Peer 1: 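Dropping the structure in here first, questions after.
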Amino acid sequence: MRLDRSFYERDVLIVAPELIGKRMIRNTPAGNPSYLITEVEAYRGTEDEASHARFGKTSRNAVMFDTGGLLYVYLIYGMYWMLNIVTGKRGQAQAVLIRGVSDISGPGRIARTLGIDRSFYGEDLVSSERIWIEDHSNIPEYVQQPRIGINYAGEPWKSQPWRYIMVPPSQIS
DNA sequence: AGCAAGATCGGT
DNA sequence: CCGATCTTGCTG
């Protein structure tokens, strides 16, 4: 069943690991593919020096300051769309970057495969007809690591283990 | 105003 | 390790 507002409105450090193992559904004229979420990163508030919210609200990141459950989509390196899910209550400026789904590794390739672009900025996962996330009662194992590509941030932000990676069942000892 | 750098990826 | 490619927000 589709996740509701109350799921997304919690702190990003709670929501991010819980997104691992959930299914993202992409409703298109061609079909209804679903993708298992396998890797995410948490970005937490204006004090997080690795976050786009670190300079406060701007035209690009404005949706991060809105309510949890909305999508934050932005273009990076002129060619890759990044898919993020806003979490927390309005004003908290938190988001989860989707880094891996099913057999797709890398946020840029995910957006390309799912057909995510600027038109998904602000899309609401709670009510959208195009994209949403379902809970299939899957509780996977995961490991935590520092986030990728944020060397510009200072400590402790650079080292926070806010990257969550699903451990395949075959690798659990 | 201009410009360096970016939550990346694929090829060399 | 470098180039693609363009938006962003600072002068990194």
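Residue numbers start from 1 in every chain, and the chains themselves are labelled A, B, ... in the order their sequence lines are given, proteins ahead of strands. Every value quoted in this text rests on a predicted model; they were computed, and no experiment measured them.
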Peer 1: Can you tell me, in whole Å, how much space there is between the P of C:dT11 and that of B:dA7?
Peer 2: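 My reading of the P atoms in C:dT11 and B:dA7 gives 15 Å.
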
Peer 1: Tell me, which of residues 84-103 of chain A have any heavy atom that sits under 4.0 Å from an atom in DNA chain C?
Peer 2: none

Peer 1: Not counting sequence neighbours, which residues clear side-chain hydrogen bond (donor to acceptor under 3.5 Å, both in side chains) with A:Glu129? List them please.
Peer 2: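 Residues passing side-chain hydrogen bond (donor to acceptor under 3.5 Å, both in side chains) with A:Glu129: none at all.
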
Peer 1: Looking at A:Arg147, A:Gln160, A:Arg54, which one forms a side-chain hydrogen bond (donor to acceptor under 3.5 Å, both in side chains) with A:Asp48?
Peer 2: A:Arg147

Peer 1: Can you give one letter per nucleotide of nucleotides 5-12 of chain C, 5' to 3': B if a protein heavy atom sits under 4.0 Å from the base, S if only from the sugar-phosphate, - if neither?
Peer 2: BBSSSS--

Peer 1: Kindly say whether A:Thr87 contributes a backbone atom to a donor-acceptor pair with the side chain of A:Arg10 at under 3.5 angstrom?
Peer 2: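 No; zero donor-acceptor contacts below 3.5 Å.
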
Peer 1: If the condition is side-chain hydrogen bond (donor to acceptor under 3.5 Å, both in side chains), which residues does A:Thr58 pass it with, not counting sequence neighbours?
Peer 2: A:Asn61

Peer 1: Take N1-N3 plus N6-O4 or O6-N4 for Watson-Crick, N1-O2 plus O6-N3 for G-U, both under 3.5 Å. Which runs of 3 or more such pairs involve DNA chain B?
Peer 2: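 In DNA chain B, stems of three or more pairs: B:1-6 with C:6-11, B:8-11 with C:1-4.
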
Peer 1: N/O contacts under 3.5 Å, protein versus nucleotides 10-12 of chain B?
Peer 2:
unit_1, atom_1, unit_2, atom_2, d
B:dG10, OP1, A:Arg109, NE, 3.4
B:dG10, OP1, A:Arg112, NH2, 3.3

Peer 1: Measuring only the P atom in each nucleotide, how far is B:dA5 from C:dC2? A whole number of Å is fine.
Peer 2: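 One P to the other, the span is 15 Å.
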
Peer 1: Sequence neighbours excluded, which residues qualify as side-chain hydrogen bond (donor to acceptor under 3.5 Å, both in side chains) partners of A:Arg5?
Peer 2: A:Asp124

Peer 1: For nucleotides B:dG6 and C:dG12, find the distance between their C1' atoms and express it as a whole number of Å.
Peer 2: 11 Å

Peer 1: If we take the P atom in both B:dA4 and C:dG3, what is their distance in whole Å?
Peer 2: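 Result for the P pair: 15 Å, nearest Å.
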
Peer 1: Checking A:Tyr35 now: which residues fulfil ring pair (Phe, Tyr, Trp, His ring centres under 6.0 Å) with it, not counting sequence neighbours?
Peer 2: none

Peer 1: Treating A:Arg112 as the side-chain partner and A:Tyr80 as the backbone partner, does any N or O pair qualify as donor plus acceptor under 3.5 Å?
Peer 2: no

Peer 1: Check A:Trp157 against A:Ala50 and note the closest heavy-atom contact, atom names and distance.
Peer 2: CB-N, 4.4 Å

Peer 1: Which residues, ordered by chain and number, are linked to A:Trp132 in its hydrophobic cluster, where ILVMFWY side chains connect at heavy-atom gaps below 4.5 Å, directly or through other members?
Peer 2: A:Ile25

Peer 1: Figure out the CD/P separation between A:Glu49 and B:dA7, and round it to whole Å.
Peer 2: 13 Å

Peer 1: Please list, chain by chain and in numerical order, all residues satisfying side-chain hydrogen bond (donor to acceptor under 3.5 Å, both in side chains) with A:Ser105, sequence neighbours excluded.
Peer 2: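 Partners of A:Ser105 under the side-chain hydrogen bond (donor to acceptor under 3.5 Å, both in side chains) test: none.
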
Peer 1: Quick one: salt bridge (Lys or Arg N to Asp or Glu O under 4.0 Å) pairs with a partner in residues 35-46 of chain A, sequence neighbours left out?
Peer 2: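 The answer is A:Asp11-A:Arg44, A:Glu39-A:Arg163, A:Glu41-A:Arg99.
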
Peer 1: With sequence neighbours excluded, what pairs up with A:Tyr8 under the ring pair (Phe, Tyr, Trp, His ring centres under 6.0 Å) test?
Peer 2: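 Once residues adjacent in sequence are excluded, A:Tyr8 has no partner under the ring pair (Phe, Tyr, Trp, His ring centres under 6.0 Å) criterion.
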
Peer 1: Check step by step if side chain to side chain contact (heavy atoms under 4.5 Å, CB included) holds for A:Tyr72 and A:Tyr121.
Peer 2: CA-CA 5 Å; A:Tyr72 170 40; A:Tyr121 187 93; 3.7 Å; yes

